[in-house]
Number of protein chains: 2
Amino acid sequence: MGIADDAVEIRARGWRTLAALHGIIDAALEKDLSKEVGLSVVEYTLLDALNRQDGWHMRMAQLARATALSPSATTRLVTRLEDRNLLSRVLCADDRRGIYTELTPIGQDLYQRAKPIHDATLERVLAQAEEQPELAPLARILHQIPAS
Amino acid sequence: MGIADDAVEIRARGWRTLAALHGIIDAALEKDLSKEVGLSVVEYTLLDALNRQDGWHMRMAQLARATALSPSATTRLVTRLEDRNLLSRVLCADDRRGIYTELTPIGQDLYQRAKPIHDATLERVLAQAEEQPELAPLARILHQIPAS
DNA sequence: ATACAATGGTTGCATACGCAACTAATAAGC
DNA sequence: GCTTATTAGTTGCGTATGCAACCATTGTAT
């Protein structure tokens, strides 16, 4: 087995590690957020993305990108949150095809309650991951990614 | 904002980066594997896990762990692959609750055809990710995770 | 002006998923 | 030995997803 073959296997193993760590974090967040504030991970991700944009001025396509979801799934996700009065659709004045979303006070409040849960779970799960030899190298990196 | 708060935000950003990279790789693999050999990513992951175990001697629970899937999803995944004659269920002799899975020749053949696709896509996508400032730090790490 | 292309979101439909309840087989308690 | 608990895997059911087809609005060309 030559160097090139090794590289392929190392990449594959790296990808398996990434997928495993992702699955662990995702499952833990899903469980805790769902239990404590009734939000799924994607729902939290959307609220979080909106919040980092001052709760305003994100179009459907941007939300789709932020959540790594298809356009159709994004439509339904926004509809679900709108039905719970966490956000509202706002028609775009200059381009009436576009739709902005706005966090409602209820949505902002729920996000403020969800964020500590999210952050605490993330810290706990990452600490656990750093104890596992397979995951540790990757888990440690997450603390060292520079702002960009 | 103190050091502790910074750590929280850095973790959160690291998690977003991890999720983003995972989504990109997963989507690319999904697309290429589906197109070229008619396999989804989880289906490939299962065949790959089986193959690394000599195509034998993995119980349902192990497969569930390898694919990060629930028991029920694992049952249906194995059923799908069994219906396509890629693997077969084998009752465990000593513990008749347990079920082993065995790759069929067809399954082995399909895996051998799928692996180059998988590896090439992974290499391509990771190379692209290394060009993006947001993803580069994490993408580069995947080449450096030691065997364990 | 009118037709035609391109863009932004939404819906019909089929599929995969997780949870909880279930069955079958083994292990433990007395 | 018989009852109870535990473990392994499967099924019913509701929900989230992606794809492709669709509608509405905007831009472009003649």
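A note on names: the letters A, B, ... follow the listed sequences, proteins ahead of strands, and every chain is numbered from 1. Both backbone and side-chain heavy atoms feed into the values below; hydrogens, waters and symmetry mates do not. Note that the coordinates shown come from a computational prediction; the quantities given were computed from them, not determined experimentally.
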List, with names and distances, any nitrogen or oxygen atoms from the protein found under 3.5 Å away from nitrogen or oxygen atoms belonging to nucleotides 3-7 of chain D.
unit_1, atom_1, unit_2, atom_2, d
dT7(D), O2, Arg97(B), NH1, 2.9

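Residues meeting the salt bridge (Lys or Arg N to Asp or Glu O under 4.0 Å) test with Glu36(B), sequence neighbours left out: none. Every residue was checked against the salt bridge (Lys or Arg N to Asp or Glu O under 4.0 Å) condition with Arg59(A), not counting sequence neighbours, and none meets it. For Glu82(B), the salt bridge (Lys or Arg N to Asp or Glu O under 4.0 Å) partners at least two apart in sequence or on another chain are Arg89(B). In this view, Tyr111(B) and Asp48(B) satisfy the side-chain hydrogen bond (donor to acceptor under 3.5 Å, both in side chains) rule, not counting sequence neighbours. In this structure Arg124(A) satisfies the salt bridge (Lys or Arg N to Asp or Glu O under 4.0 Å) test together with Asp32(A), sequence neighbours excluded. By the side-chain hydrogen bond (donor to acceptor under 3.5 Å, both in side chains) test, Ser72(A) is found to be paired with Ser70(A), residues two or more places apart in sequence or in another chain being considered.
Among residues at least two apart or in separate chains, ring-ring contact (aromatic ring centres under 6.0 Å, His included) pairs with a member in residues 22-41 of chain A are His22(A)-Trp15(B), His22(A)-His22(B). Identified under the ring-ring contact (aromatic ring centres under 6.0 Å, His included) test for residues 58-82 of chain A, with sequence neighbours left out: none. Within the structure, no pair that satisfies the ring-ring contact (aromatic ring centres under 6.0 Å, His included) test touches residues 63-89 of chain A, not counting sequence neighbours.
Between Arg96(A) and dC23(D), a side-chain N or O to OP1/OP2 separation shorter than 4.0 Å is absent.
Within residues 22-35 of chain A, no residue has any heavy atom under 4.0 Å from DNA chain C.
On the nucleic acid side, DNA chain C has its first and last nucleotide under 4.0 Å of a heavy atom of chain B at dA16(C) to dT26(C), going 5' to 3'.
The residue among Pro71(B) and Asp94(A) whose nearest nucleotide of DNA chain D lies closer to the 5′ end is Pro71(B). Each of Ala73(B) and Leu69(A) lies near DNA chain D, and the nucleotide nearest Ala73(B) is the one positioned closer to the 5' end.
Look at CG on Asp83(A): it is 13 Å from P on dT15(D), rounded to the nearest Å. One atom, CZ of Arg65(B), and another, C1' of dA8(D), lie 17 Å apart when rounded to the nearest Å.
A donor-acceptor contact under 3.5 Å is formed by the side chain of Ser72(A) with the base of dG18(D).
Heavy atoms of other residues, nucleotides or ligands lying less than 6.0 angstrom from CZ of Arg11(A) number more than 12.
Salt-bridge check for Glu134(B) with Arg13(B): failed, with every basic side-chain N at 4.0 Å or more from each acidic carboxylate O.
Backbone-only contact: Arg80(B) has heavy atoms under 4.0 Å from sugar-phosphate atoms and none from a base. Within the 4.0 angstrom heavy-atom criterion, only backbone atoms of the sugar-phosphate kind lie near Arg59(A); the bases stay farther away.
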